Amino acid sequence: MTTLTHQKVSEYYGKVLETKKDLKTNACCSLDKLPAYVKEPLKLIEDEIQMKFYGCGAPIPLVLDGMKVLDLGCGTGRDCFVLSYYVGEKGEVVGIDMTDEQLAIANKYLPVQMKRFGYKNPNVRFLQGYIEDLASLDLPDNYFDLVISNCVVNLSPDKESVMKEVFRVLKEGGEFFFSDVYADRRLPQWAKEDPILLGECLGGALYWKDFERLSKEVGFIDPRVYACSKIDLLDKETSDKIGFAHFNSITYRLFKLKELEDACEDFGQVAEYTGTIEASPHHFVLDNHHVFEKDKPMLVCSNTASMLEDTRLKKHFKVKGDTSVHYGLFTGCGEVPVENKEQGCC
Ligand SMILES: C[S@@+](CC[C@H](N)C(=O)[O-])C[C@H]1O[C@@H](n2cnc3c(N)ncnc32)[C@H](O)[C@@H]1O
């Protein structure tokens with residue numbers, strides 16, 4: 001199962017990089033761009049974990065209390081500990097990574113982090129393994145409410161298996177909310193094999209449209225862009241090699257919902273945010289097309305209605321109407337190339 005790509009990537013994260021300062025792009029989000037509710041628990045997280053954080057976004061969605069969450073390619077565990085803080089002692093967080101050195105740090109600080117959060121029983125565990133084969137770690141079907149990942153899927157030599165595994169382990173109504181690097185075109189084979197480009201999350205980046213096609217093929221019918229920001233190639237050698245392509249860090253949210261359609265359809269449904277999410281009392285951002293203001297009714301397509309009423313978001317929305325009368329195509333969620341959708345870093 002271990003491939004040459006796995007070996008190169010593991011070597012890069014386990015041995016080549018010492019801290020995030022060694023990275024050759026600005027994909028790693030700076031602290032000031034993070035949402036306040038992510039910054040808060042970071043104050044309680046060990047410096048060594050944070051210095052070895054190599055993510056490219058903030059895939060920490062709202063509404064986490066009591067949830068079961070899986071983090072693919074958890075590294076030294078920064079996001080797992082943020083999730084641990086928000087899911088609470090009754091929730092569960094599982095972090096998976098293939099690299100010994102990364103997991104050793106995550107496990108070293110597990111007891112101290114649990115103590116700081118005031119938990120008697122740990123709600124996080126770290127497992128060593130490959131994200132392409134979650135079955136070999138005994139992760140069951142339809143188990144997790146949420147799967148997250150931060151700058152990892154691009155590194156996988158078999159992205160289709162990763163996506164199929166995520167779909168398998170998510171419950172109906174569950175969500176894959178994750179940040180990764182995408183290219184504005186299909187990259188040549190040599191770029192995929194270059195160990196530095198690969199390790200820097202550039203060589204293995206998918207053309208974003210191919211990623212959306214793959215998502216739909218495995219069952220995530222309506223991928224939504226939550227945030228998108230341009231990545232700058234800071235290092236001249238890297239830019240000379242791959243500067244013909246443009247890269248974005250994108251946070252997608254993909255819901256596992258049976259009823260979604262392949263286009264946005266209008267059934268006259270209306271959704272209203274109740275303002276009951278503590279970290280977001282005035283509005284709720286579903287994606288970069290949908291910002292719901294508290295108590296303001298908004299016309300939505302049937303897919304958006306389902307994302308709000310058939311998921312963990314349900315208790316924070318009033319959705320009126322059903323799909324019994326059809327009014328044609330819904331134009332409010334029109335497709336736009338991701339390059340034109342830039343919206344904040346994280
Ligand atoms: C860019 S780092 C991101 C780490 C972590 N998510 C963070 O934000 O700090 C990529 C991580 O994914 C792990 N990884 C890459 N490919 C993997 C695979 N196929 N299976 C399991 N882990 C993988 C690496 O070992 C590394 O720790």
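Atoms within each ligand, like the ligands themselves, are counted from 1 in listed order. Small disclaimer: the values here were computed from a predicted structure and weren't measured.
A cation-pi arrangement, defined by a distance under 6.0 Å to the six-membered ring centre and an angle within 45 degrees of its axis, is present between K256 and F167. The side-chain tip of R78 points at the ring of F53 from less than 6.0 angstrom away and within 45° of straight on.
Each of Y182, W208, F176 was evaluated against Y252; a single residue qualifies, Y182, per the ring pair (Phe, Tyr, Trp, His ring centres under 6.0 Å) test.
Scored by the salt bridge (charged side-chain N to carboxylate O under 4.0 Å, His left out) test, R224 finds D222, D287 as partners (sequence neighbours excluded).
Under the 6.0 Å cut-off for aromatic ring centres, F284 and F292 do not qualify, their centroids lying 6.0 Å or more apart.
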Would you tabulate the polar-atom pairs, meaning N/O of ligand 1 against N/O of the protein, with distances under 3.5 Å, reported to 0.1 Å?
residue  : atom   : partner : partner atom : Å
ligand 1 : 6 (N)  : G73     : O            : 2.7
ligand 1 : 6 (N)  : N150    : O            : 3.1
ligand 1 : 8 (O)  : G55     : N            : 3.2
ligand 1 : 9 (O)  : Y54     : N            : 2.8
ligand 1 : 19 (N) : H6      : NE2          : 3.3
ligand 1 : 19 (N) : E132    : OE1          : 3.2
ligand 1 : 19 (N) : E132    : OE2          : 2.9
ligand 1 : 20 (N) : I131    : N            : 3.2
ligand 1 : 22 (N) : M98     : N            : 3.2
ligand 1 : 25 (O) : D97     : OD1          : 2.6
ligand 1 : 25 (O) : T99     : OG1          : 2.5
ligand 1 : 27 (O) : D97     : OD1          : 3.3
ligand 1 : 27 (O) : D97     : OD2          : 2.7
ligand 1 : 27 (O) : Q102    : NE2          : 3.2

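When every heavy atom of A106 is checked against every heavy atom of F81, the shortest pair comes out as O-CZ, 3.7 Å.
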